[in-house]
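Owing to the predicted nature of the structure, the values given are computational and were not obtained by experimental measurement. Residue numbers begin at 1 in each chain, while the letters A, B, ... track the order of the sequences.
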Protein chains: 2
Amino acid sequence: MVASLLPIDQILLGDCLTMLAQLPAQSVDLIFADPPYNLQLRNELRRPDQTLVDGVDDAWDKFGDIQAYDAFTRAWLSECRRVLKASGTIWVIGSYHNIFRVGAIMMDLGFWILNDVIWHKTNPMPNFRGTRFQNATETLIWAKTSADQQTYTFNYHAMKHLNDDKQMQNVWRIPICTGAERIKVNGQKAHSTQKPEALLYRVILASSQPGDVVLDPFFGSGTTGAVAKKLGRHFIGIEQDPAYVAIARERIAAIPAPASAALLMTPSRREAPRVAFGELVAAGYVQVGERLYSRDRAVVAEVKADGHVVWNGVSGSIHAIAARAQGKPAYNGWEYWYVEDDAGRLASIDELRERYRAERLG
Amino acid sequence: MVASLLPIDQILLGDCLTMLAQLPAQSVDLIFADPPYNLQLRNELRRPDQTLVDGVDDAWDKFGDIQAYDAFTRAWLSECRRVLKASGTIWVIGSYHNIFRVGAIMMDLGFWILNDVIWHKTNPMPNFRGTRFQNATETLIWAKTSADQQTYTFNYHAMKHLNDDKQMQNVWRIPICTGAERIKVNGQKAHSTQKPEALLYRVILASSQPGDVVLDPFFGSGTTGAVAKKLGRHFIGIEQDPAYVAIARERIAAIPAPASAALLMTPSRREAPRVAFGELVAAGYVQVGERLYSRDRAVVAEVKADGHVVWNGVSGSIHAIAARAQGKPAYNGWEYWYVEDDAGRLASIDELRERYRAERLG
DNA sequence: CCAGATTTTGAATCTGCGG
DNA sequence: CCCGCAGATTCAAAATCTG
């Protein structure tokens with residue numbers, strides 16, 4: 001739920017640390033942070049045809065020394081940890097110039113890393129000098145607030161669906177932000193490190209629910225806000241440059257209202273209403289005395305009135321008996337047992353449960 | 001050149017720090033280090049079929065606390081920096097459990113990072129619990145001894161040739177070590193974390209010359225020595241476990257005199273980029289809530305944010321719903337569904353995929 | 001002996017709720 | 001806090017088995 005005092009769907013103009021300090025503790029569900037990378041470019045870089053590469057030389061990426069960068073990193077990450085709900089998670093993106101320092105500081109502050117996710121760019125800039133491997137990646141760290149944190153949002157099945165129904169890996173092949181998506185002002189890049197919406201799409205879809213509040217303390221051109229709005233999430237942005245704020249406001253305002261909530265959700269099997277096997281018996285979906293079969297019919301059990309089953313004289317839950325019949329320490333009985341229909345075919349009791357849920361539990 | 005007092009092509013049995021201290025300063029050309037990752041596994045892990053995962057529970061991966069791990073890391077990296085020639089470079093491999101600490105300490109000691117290289121495993125272990133993204137990577141840091149170091153070995157063209165004559169990226173798709181290459185003792189893994197030779201092949205071929213000395217302070221089963229010998233380099237291994245030393249000695253002794261490098265090369269596999277329908281949604285080629293039509297418009301489905309579609313209240317992949325709508329066991333959804341363009345004409349989603357591939361995947 | 005089916009396995013910080 | 005238990009959860013490649 002949204003706390004009433006939160007500056008929902010707003011961009012706060014000001015210094016990152018100052019503005020973070022004004023947010024209440026444990027108030028946001030998700031944080032995405034794209035901090036300065038502290039690039040240390042020594043000279044201008046030219047392509048083989050001698051044209052100049054337009055690199056990052058913004059004032060916001062200049063720090064006195066590495067200690068100053070560490071201190072700044074520790075400060076904003078500490079504030080983020082305070083502001084994050086107990087159930088929340090944080091994403092931080094960086095490159096090899098800064099991500100190791102960021103990751104070590106996150107661990108020192110108590111964050112517990114869930115994954116390092118590799119953004120593998122499909123169209124990275126070449127290494128013009130032939131002096132190193134082509135740098136085609138940036139790294140995202142996804143973490144919860146502590147090792148002991150019990151629950152956090154991970155829309156496992158949404159990610160699996162996005163990936164052709166196979167478990168999604170921690171390597172994401174996504175193009176850099178170019179073309180119509182890249183915001184330009186007078187023909188120039190409006191922001192030197194604008195992130196692609198496809199990247200935020202995965203971050204937000206994976207680790208938040210519709211209606212959640214997503215905080216981005218380095219809002220820049222507003223990609224986080226734009227995708228949050230498209231996916232029916234609220235956002236809070238912090239940005240110190242008025243020009244970026246103006247660009248982001250205009251960008252987000254132009255986005256139409258999100259699609260219907262149902263299309264934004266991927267229900268988790270874990271959150272489906274729990275059904276005890278005994279409920280199926282009580283409701284007549286399974287009869288007392290009816291036989292349950294393993295898939296190959298080698299194991300046969302009998303249903304008791306209390307929802308337990310009897311096999312070889314042993315009584316127990318569908319799970320306990322399925323485990324015992326296979327000599328395993330545990331087993332999900334819903335996937336093990338079948339009943340015989342009128343035509344003599346086997347039907348899974350998991351399908352019966354699905355039918356019960358649809359017909360009786362809405 | 002090889003210093004005469006160096007213990008060339010030998011495995012030194014003993015503690016890593018003690019043995020490193022005995023090596024002369026600026027004496028080796030390349031270091032590859034695979035230190036303990038300090039995994040902190042809390043419970044046993046079982047696969048969905050209840051079989052037990054044989055995890056890493058070796059004594060050598062146990063540290064008192066994170067400070068002890070940092071101190072150890074700083075100590076062996078300092079020694080490595082002393083032992084490395086002014087023209088040498090170092091590789092360190094790790095996972096998200098330790099690589100951020102290792103990277104930060106390397107920077108603190110004065111190492112200058114050249115690349116972070118992602119080992120993208122082609123056959124990683126799944127996340128059996130569905131609680132995170134499948135962890136399919138390990139990270140290598142490649143660094144020179146200081147920012148001011150002028151020269152170092154990088155066989156740019158050898159890498160380019162390995163990669164179908166295109167500049168090699170910092171993402172390497174290599175299988176984990178299995179099959180005949182995986183050393184077994186009494187049918188059990190001889191070492192719990194044996195690295196594939198293909199990985200060391202790239203490391204050594206990229207950053208050393210034939211005749212150079214490659215040092216590995218955590219020698220383990222001796223993959224570094226085996227590949228160094230095959231590629232005509234000298235090695236020095238340090239290993240504290242006599243059992244591992246025996247295994248590595250036998251392994252390396254069985255390797256014949258170096259063959260021509262060309263015979264050892266792993267041909268790079270070119271894979272046609274697989275595109276999930278969800279990618280088109282994430283990239284805005286199809287909108288959330290947009291309608292998909294069968295060719296005759298008799299079947300209409302709606303697009304969800306996760307790339308599944310909804311038809312008659314049933315949700316599933318484009319393939320599953322296309323099959324279901326036709327009463328078939330399976331169907332290729334790419335050939336079944338169409339979207340309506342601005343002029344009201346139907347356009348195949350397969351054409352959209354083609355356009356996406358051309359525009360986004362190069 | 002071969003093709004196809006089945007089983008095995010891997011550096012993993014891997015559950016949640018109620019009593 | 002601990003304990004018990006329902007029940008959700010896997011992919012690619014190699015090895016082994018079967019017909």
Enumerate the protein-to-nucleotides 4-6 of chain D contacts in which both atoms are nitrogen or oxygen and the separation is below 3.5 Å.
from, atom 1, to, atom 2, distance (Å)
D/dA6, OP2, A/S317, OG, 3.4

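Distance from the side chain of B/R47 is smallest to C/dT9 among D/dA8, C/dA12, C/dT9. The nucleotide whose nearest atom lies closest to any side-chain atom of A/R269 is, among C/dG10, D/dA8, D/dA13, D/dA8. Ranking C/dC14, D/dC11, C/dA12 by closeness to the A/Q167 side chain, first place goes to D/dC11. Of the listed nucleotides (C/dA11, D/dA13, D/dA8), D/dA8 has the atom at the smallest distance from the side chain of A/R270. Minimum atom distance to the side chain of B/D61 is reached by C/dA11, of the listed C/dG10, C/dA11, C/dC14. Of all nucleotides listed (C/dA12, D/dT10, C/dA11), C/dA12 comes nearest to the side chain of B/N135.
Within the structure, the side chain to side chain donor-acceptor pair (under 3.5 Å) test picks out the following pairs touching residues 308-319 of chain A (sequence neighbours left out): A/K304-A/S315. Listed by first and then second residue, the side chain to side chain donor-acceptor pair (under 3.5 Å) pairs involving residues 106-116 of chain A are A/D108-B/R101 (not counting sequence neighbours).
The distance between atom CD of B/Q50 and atom P of C/dT7, rounded to the nearest whole Å, is 16 Å. When the C1' atom of C/dT15 is taken as reference, atom OH of A/Y331 falls 18 Å away, rounded to whole Å. The CZ-C1' distance, from B/R132 to C/dA11, rounds to 14 Å in whole Å. Here D/dT10 presents its C1' atom at 15 Å from CG of B/L52, a figure rounded to the nearest Å. The interatomic distance linking B/Q134 (CD) with D/dA12 (P) rounds to 8 Å, in whole Å. We find that CG of B/L199 is positioned 18 Å from P of C/dG10, with the value rounded to whole Å. Atom P of nucleotide D/dA8 and atom OH of A/Y336 are separated by 18 Å, given to the nearest angstrom. Between B/D49 atom CG and D/dA8 atom P there is a gap of 17 Å when expressed in whole angstrom units.
Judged by distance alone with a 3.5 Å cut-off, no donor-acceptor contact links the side chain of B/K121 to the base of C/dA11.
Of all heavy-atom pairs spanning A/A104 and B/F100, the tightest one is N-CB, 3.7 Å.
Considering only residues two or more places apart in sequence or on other chains, A/E351 meets the salt bridge (Lys or Arg N to Asp or Glu O under 4.0 Å) condition with none of them. Applying the side chain to side chain contact (heavy atoms under 4.5 Å, CB included) criterion to B/I247, with sequence neighbours excluded, gives B/I183, B/V185, B/A190. When the salt bridge (Lys or Arg N to Asp or Glu O under 4.0 Å) test is applied to B/K121, the partners found at least two apart in sequence or on another chain are B/E138. Listed by chain and residue number, nothing satisfies the salt bridge (Lys or Arg N to Asp or Glu O under 4.0 Å) test with B/E239 (two or more places apart in sequence, or in another chain). Take A/E279 and apply the side chain to side chain donor-acceptor pair (under 3.5 Å) test, not counting sequence neighbours, and it matches A/Y356.
The stretch residues 181-189 of chain B touches DNA chain C through B/R182, B/K189, each having a heavy atom under 4.0 angstrom from the strand. Contacts between residues 108-116 of chain A and DNA chain C, defined by a heavy-atom separation under 4.0 Å, are made by A/W112, A/I113. Across residues 141-156 of chain A, A/Y156 each have a non-hydrogen atom less than 4.0 Å from an atom of DNA chain D (numbered order).
If you find the closest nucleotide of DNA chain D to A/E335 and to B/G179, the one lying nearer the 5' end belongs to A/E335. In terms of position along DNA chain C, the nucleotide closest to B/W60 lies nearer the 5' end than the nucleotide closest to the other residue of the pair B/T131 and B/W60. The 5' end of DNA chain C is approached more closely, in terms of each residue's nearest nucleotide, by B/L39 than by the other of B/L39 and B/N127.
In this pair, A/F154 and A/W142 present their aromatic rings tilted. The plane angle is within the 30 to 60° band. Ring geometry, B/H191 versus B/W60: the interplanar angle falls under 30°, so the pair is classed parallel (tilted spans 30 to 60°). Taking the six-membered ring for Trp and thresholds of 30 and 60 degrees, B/W91 and B/W172 have ring planes inclined between 30 and 60 degrees apart.
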task = Dump the intermediate steps for ring-ring contact (aromatic ring centres under 6.0 Å, His included) on B/F218 and B/F32, then the final yes or no.
result = CA-CA 9 Å; B/F218 305 96; B/F32 177 84; 10.0 Å; no

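A salt bridge is defined here as a Lys NZ or Arg NE, NH1 or NH2 lying under 4.0 Å from an Asp or Glu carboxylate O, and A/D350 with A/R269 meets this definition. Checked for salt-bridge contact, A/K160 and A/D165 miss the test: no charged N lies under 4.0 Å from a carboxylate O. A salt bridge does not link B/E197 with B/R182: every distance from a Lys NZ or Arg NE/NH1/NH2 to an Asp or Glu carboxylate oxygen is 4.0 Å or more.
A 4.5 Å side-chain heavy-atom check between B/T51 and B/R46 finds every atom pair outside the cut-off.
Using a 4.0 Å cut-off, no side-chain N or O of A/K160 falls inside it from OP1 or OP2 of D/dT9. One finds no side-chain N or O of B/N123 lying less than 4.0 angstrom from the OP1 or OP2 phosphate oxygen of C/dG10. When the side-chain nitrogen and oxygen atoms of B/R129 are compared with OP1 and OP2 of C/dT15, one or more of them lie within a distance under 4.0 Å.
Using atom C1' as the reference point in both C/dT7 and D/dT10, the two lie 14 Å apart (nearest Å). For the P atoms, the distance linking D/dA15 with C/dA11 amounts to 15 Å, nearest Å. Distance noted for atom C1' between D/dG7 and C/dG10: 25 Å (whole Å).
Because its NZ or CZ atom is both nearer than 6.0 Å to the ring centre of A/F111 and within 45° of the ring axis, A/R81 counts as a cation-pi partner of that residue.
Residue ring and nucleobase are not stacked for B/F128 and C/dA12 under a centre distance beneath 5.5 angstrom and an angle between planes beneath 30°.
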task = State the dot-bracket string of DNA chain D. Criteria: Watson-Crick or G-U wobble, both atom distances under 3.5 angstrom; notation: ( ) intrastrand, [ ] crossing earlier pairs, | interstrand, . unpaired.
result = .|||||....|||||||||

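Counting any heavy atom pair closer than 4.0 Å across all strands shown, B/H191 reaches no nucleic acid atom. Nucleic acid contact class of B/P35 (heavy atoms, under 4.0 Å, all strands): base. Within the 4.0 angstrom heavy-atom criterion, base atoms lie near B/N43. Using a 4.0 Å heavy-atom cutoff across all strands shown, B/S95 reaches no nucleic acid atom at all.
Heavy-atom neighbours of A/R324 CZ from other residues, nucleotides or ligands within 6.0 Å: at or below the threshold of 12. Counting non-hydrogen atoms of other residues, nucleotides and ligands closer than 6.0 Å to CZ of A/R297 gives a total above 12.
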